[in-house]
Amino acid sequence: RRFILGAEVSQIAAFGHLSKISKNKYGPRKSLHKKGLNELFKKLKPVVESSALIESDEHKNYEQFVRSYFPRARYDQYKAEKSCVAGQGELKRKKHDPIYGINHSLAMLRDGISTLVRRTWCTTQDPARLQGHLEIFIYFYNQIYLKRLGFDLSSA
């Protein structure tokens with residue numbers, strides 16, 4: 001199943017090849033990522049089975065939250081593969097991607113919400129507005145899109 005269970009907006013510190021320019025222009029930005037993950041896992045705890053299989057990429061912060069909120073869960077992390085800009089090159093290089101469903105759903109989310117499209121002029125100034133936009137997308141994705149694909153939502 002590829003239901004989206006939740007999303008939490010949080011500010012992160014600048015990183016990557018443009019981080020120096022960003023820090024010089026805007027100053028340092030405090031990371032609230034762990035606070036956001038904490039809020040998300042609080043929301044997930046009542047709706048996810050305590051012994052569930054949880055899969056993710058190798059992000060350094062995820063394991064501590066999974067272990068804290070779901071100590072009985074089986075947790076598997078997978079090395080992220082560099083994807084290509086267009087086409088299906090990532091599928092050709094790698095025969096089986098265990099987190100393809102997650103990555104595909106996130107790509108759809110970025111495509112469906114203009115402020116999340118990479119390399120764009122669209123930005124959200126207010127995190128609460130982005131959170132609302134995410135919640136609208138998640139509702140559409142889970143209640144309308146997946147129904148059209150024939151997923152049975154009554155067992156979710």
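- Checking side-chain atoms of Lys23 against main-chain N and O of Pro28 turns up no donor-acceptor pair under 3.5 Å.
- Atoms CG and CD1, on Asp76 and Ile54 in that order, are 10.0 Å from each other to the nearest 0.5 Å.
- Here the straight-line distance linking atom CD of Gln131 with atom CD of Glu39 works out to 10.0 Å at 0.5 Å rounding.
- Qualifying salt bridge (charged side-chain N to carboxylate O under 4.0 Å, His left out) partners for Lys43, counting only residues two or more places apart in sequence or in other chains: Glu8.
- The side-chain heavy atoms of Tyr69 and Asn38, taken from C-beta on, include a pair separated by under 4.5 Å.
- A donor-acceptor distance shorter than 3.5 angstrom exists from the side chain of Asn142 to the backbone of Ile4, with no hydrogens or angles considered.
- Grouping Ile, Leu, Val, Met, Phe, Trp and Tyr by side-chain contacts under 4.5 Å, direct or through others, puts Leu18 with Ile21.
- Phe3 and Ile138 end up in the same hydrophobic cluster when Ile, Leu, Val, Met, Phe, Trp and Tyr side chains are linked at under 4.5 Å.
- Evaluation of the side-chain hydrogen bond (donor to acceptor under 3.5 Å, both in side chains) rule for Gln11 yields no partner, not counting sequence neighbours.
- Residues Phe151 and Tyr145 form no side-chain contact, since every pair of their non-hydrogen atoms from C-beta on lies 4.5 Å or further apart.
- Within a 6.0 Å radius of CZ in Arg74, other residues, nucleotides and ligands contribute 12 heavy atoms or fewer.
- Rounding to the nearest 0.5 Å gives a distance of 10.5 Å between CZ of Phe137 and CZ of Arg110.
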(Q) Under the criterion side chain to side chain contact (heavy atoms under 4.5 Å, CB included), I'd like the reasoning laid out for Leu109 against Tyr141: C-alpha separation, chi angles, the key distance, then a yes or no. (A) CA-CA 9 Å; Leu109 192 132; Tyr141 182 86; over 6 Å; no
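- With side-chain heavy atoms closer than 4.5 Å counting as contact, directly or through intermediates, the hydrophobic cluster containing Ile12 also holds Phe15.
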Q.
Apply side chain to side chain contact (heavy atoms under 4.5 Å, CB included) to residues Phe41 and Phe70 and explain how you reach the verdict.
A. CA-CA 9 Å; Phe41 274 83; Phe70 301 100; 3.7 Å; yes
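- Clustering of Ile, Leu, Val, Met, Phe, Trp and Tyr side chains at separations under 4.5 Å leaves Leu32 isolated, with no partner residue.
- Counting heavy atoms from C-beta outward, Gln77 and Asp57 have side chains that stay 4.5 Å or more apart.
- Cluster annotation: Leu5 and Tyr139 are assigned to distinct hydrophobic clusters (Ile/Leu/Val/Met/Phe/Trp/Tyr, side-chain heavy-atom contacts under 4.5 Å, transitive).
- No chain of hydrophobic side-chain contacts below 4.5 Å, direct or via other Ile, Leu, Val, Met, Phe, Trp or Tyr residues, connects Ile136 to Met108.
- Put simply, CD1 on Ile102 and NE2 on His104 are 13.0 Å apart, with the number rounded to the nearest 0.5 Å.
- No side-chain heavy atom of His133 sits under 4.5 Å from any side-chain heavy atom of Arg129.
- In this structure, a donor-acceptor pair under 3.5 Å is absent between the side chains of Glu58 and Tyr78.
- Nearest approach of Ala73 to Ala52, heavy atoms of both residues: CB-O, 3.1 Å.
- With a 4.5 Å cut-off on side-chain heavy atoms, Leu134 and Ile113 count as touching.
- Going from atom OH of Tyr75 over to atom CG of Leu53 covers 11.0 Å, rounded to the nearest 0.5 Å.
- For His33, the ring-ring contact (aromatic ring centres under 6.0 Å, His included) test picks out His59, with sequence neighbours left out.
- Taken to the nearest 0.5 Å, the CZ atom of Arg29 stands 5.5 Å off from the OG atom of Ser22.
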